[in-house]
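Everything below concerns the one structure shown next.
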Amino acid sequence: MLNISDFNNNLLVWYQANKRDLPWRRTSDPYRIWLSEVMLQQTQVITVIPYFEKFITNYPDIDSLADADEGRLLKDWEGLGYYNRIRNFQTAVKEVQNTYDSKVPDDPDAFFSLKGVGPYIGGAVQSIAFNNLLAAVDGNVLRVMARLNLDYRDMTKASVQKSVKQNIEAIMPLEAGDFNQALMELGATICTPRAPKCIMCPVQGHCEAYKAGEVASLPVKKKAKAKKEIYYNVYFILNDNEEIILRKQEGTLLQGMYELPKYDIDTSVESIEEELGLTLDHPNLHVGSVKHVFTHQVWYMEGYVLYTKDAHPDFISLNEVEKLPMSKAMQKIYRQFEG
DNA sequence: CAGACGTGGAT
DNA sequence: TATCCAAGTCT
């Protein structure tokens, strides 16, 4: 960048004139700003808005979130994905309640030590809520900086991201929160991944990639790994009381969400009977097929109905199913059963 | 560090 | 349809 103060001025003036009216920009409450940043991880603004409104209605402050039932939090988070985010957020908020008198710490070291607070959220909340002079480096900012500086390093590497963060903090103006949001807003609306609107860019004159005709070839990122394909049989196990078996998912993927019992396709019904301790009638009634794509896996699910007269602790009334948090993957196959 | 971790929008 | 990628963090 040729002239830092010229660059900063152009960017900040552009931001003030063009910033979108987003719900979390109407508040100065550090808790609400923090909540928005947790929701915005790997999630588009348009998706977050209704969830943010729901959460500030249901959990308007630190104490209401800290004291909330985890199952209710998960239900309210249902559909937003990356479900550990809300569990981690509640863990962090409980610590704020217990250790910091329910006030979000304005000390960066204290804030960064909280669960779910990484380099991005730490910088974003500390700069936007408290105007601490820290960068908030997200995917937008990495793309903007790679182009401005004709930087061909692999932007997926943590070491490169750290270097970019330091470069930004070296030019950070006193308006830290606005500056960070301006860089992100520029990336989201002008310096986009495809078909960037360089003609509209307030800092075009500072962009090395634009001068070199290399905007389209930046940023450099290593390719994503191929997804693993997994084939499941999913069972709607019913009894004579209008009940169905649903259980909490174990493990790390979709932990805490409720699921229909699912098994690798070569698992026999006999071994399922053994695992569940049930005698099952299997009329071989096929409910439907669903494909669901995750970041790192693809599930192919085949749904079947089974009946039993036996008792099982995981039976739940069909009327109660909608009250439980369920992933989109399970919702898709469950809807085929309802229909 | 690489891989795990959801879902939906855009091309 | 396939691919990228979106206000990233944890293990």
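These figures come from a predicted structure and were not determined experimentally. Chain A is the first sequence line, chain B the second, and so forth, proteins listed ahead of strands; every chain is numbered from 1.
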Contacts of type salt bridge (Lys or Arg N to Asp or Glu O under 4.0 Å), residue D151(A), not counting sequence neighbours: R153(A)

Separation of the C1' atoms in dC5(C) and dC5(B), to the nearest angstrom: 15 Å

Separation of dA7(C) atom P from L186(A) atom CG, nearest Å, is 12 Å

In whole Å, measure the gap between the C1' atoms of dG3(B) and dA7(C) for me. 22 Å

For nucleotides 2-11 of chain B, 5' to 3', base contacts (B), sugar-phosphate-only contacts (S) and non-contacts (-) with protein non-hydrogen atoms under 4.0 Å give S-SBBBSS-S

Could you give the CZ-to-C1' distance, from R20(A) to dA6(C), as a whole number of Å? 11 Å

ring-ring contact (aromatic ring centres under 6.0 Å, His included) assessment of W299(A) paired with Y231(A): CA-CA 6 Å; W299(A) 285 5; Y231(A) 296 83; over 10 Å; no

Provide, to the nearest angstrom, the distance between the CE atom belonging to M155(A) and the C1' atom belonging to dC1(B). 18 Å

To the nearest Å, how far apart are K115(A) NZ and dC10(C) P? 6 Å

For I33(A), which contact category applies under a 4.0 Å heavy-atom criterion: base, sugar-phosphate, or nothing? nothing

For residues 274-282 of chain A, which side-chain donor-acceptor pairs fall under 3.5 Å, sequence neighbours excluded?
from    : atom 1 : to      : atom 2 : distance (Å)
E275(A) : OE1    : Y263(A) : OH     : 3.4
E275(A) : OE2    : R247(A) : NH1    : 3.2

In this structure, how many angstroms lie between the C1' atom of dG8(C) and the CZ atom of F112(A), rounded? 13 Å

Please state how far atom CD1 in I86(A) lies from atom P in dG8(C), giving the value in whole angstrom units. 17 Å

Classify W24(A) by what it touches in the nucleic acid, base, sugar-phosphate, or nothing, heavy-atom distance under 4.0 Å. base

How many Å lie between CZ on R143(A) and P on dC5(C), as a whole number? 8 Å

Which of dC5(C), dA7(C), dT9(C) is nearest the side chain of I121(A)? It is dT9(C)

In whole Å, measure the gap between the C1' atoms of dC1(B) and dG8(C) for me. 16 Å

Taking Q255(A)'s backbone N and O only, do any of them form a donor-acceptor pair with R87(A)'s side chain (distance below 3.5 Å, no angle check)? yes

Using a heavy-atom cut-off of under 4.0 Å over every strand shown, decide if S159(A) touches base, sugar-phosphate, or nothing. sugar-phosphate

Can you label the angle between the H206(A) ring and the F7(A) ring as parallel, tilted or perpendicular, going by 30° and 60°? perpendicular

Return the orientation label for the Y59(A) and F55(A) ring planes: parallel under 30°, perpendicular over 60°, tilted otherwise. tilted

Give the rounded distance in Å between these two atoms: CG of L40(A) and P of dG8(C). 8 Å

In plain terms, say whether K262(A) and E302(A) are close enough for a salt bridge, that is, a side-chain N and a carboxylate O under 4.0 Å apart. no

Same-atom distance (P) from dG8(B) to dC10(C), integer angstrom: 24 Å

With a 4.0 Å cut-off on heavy atoms, is A136(A) in touch with a base, just the backbone sugar-phosphate, or nothing at all? nothing

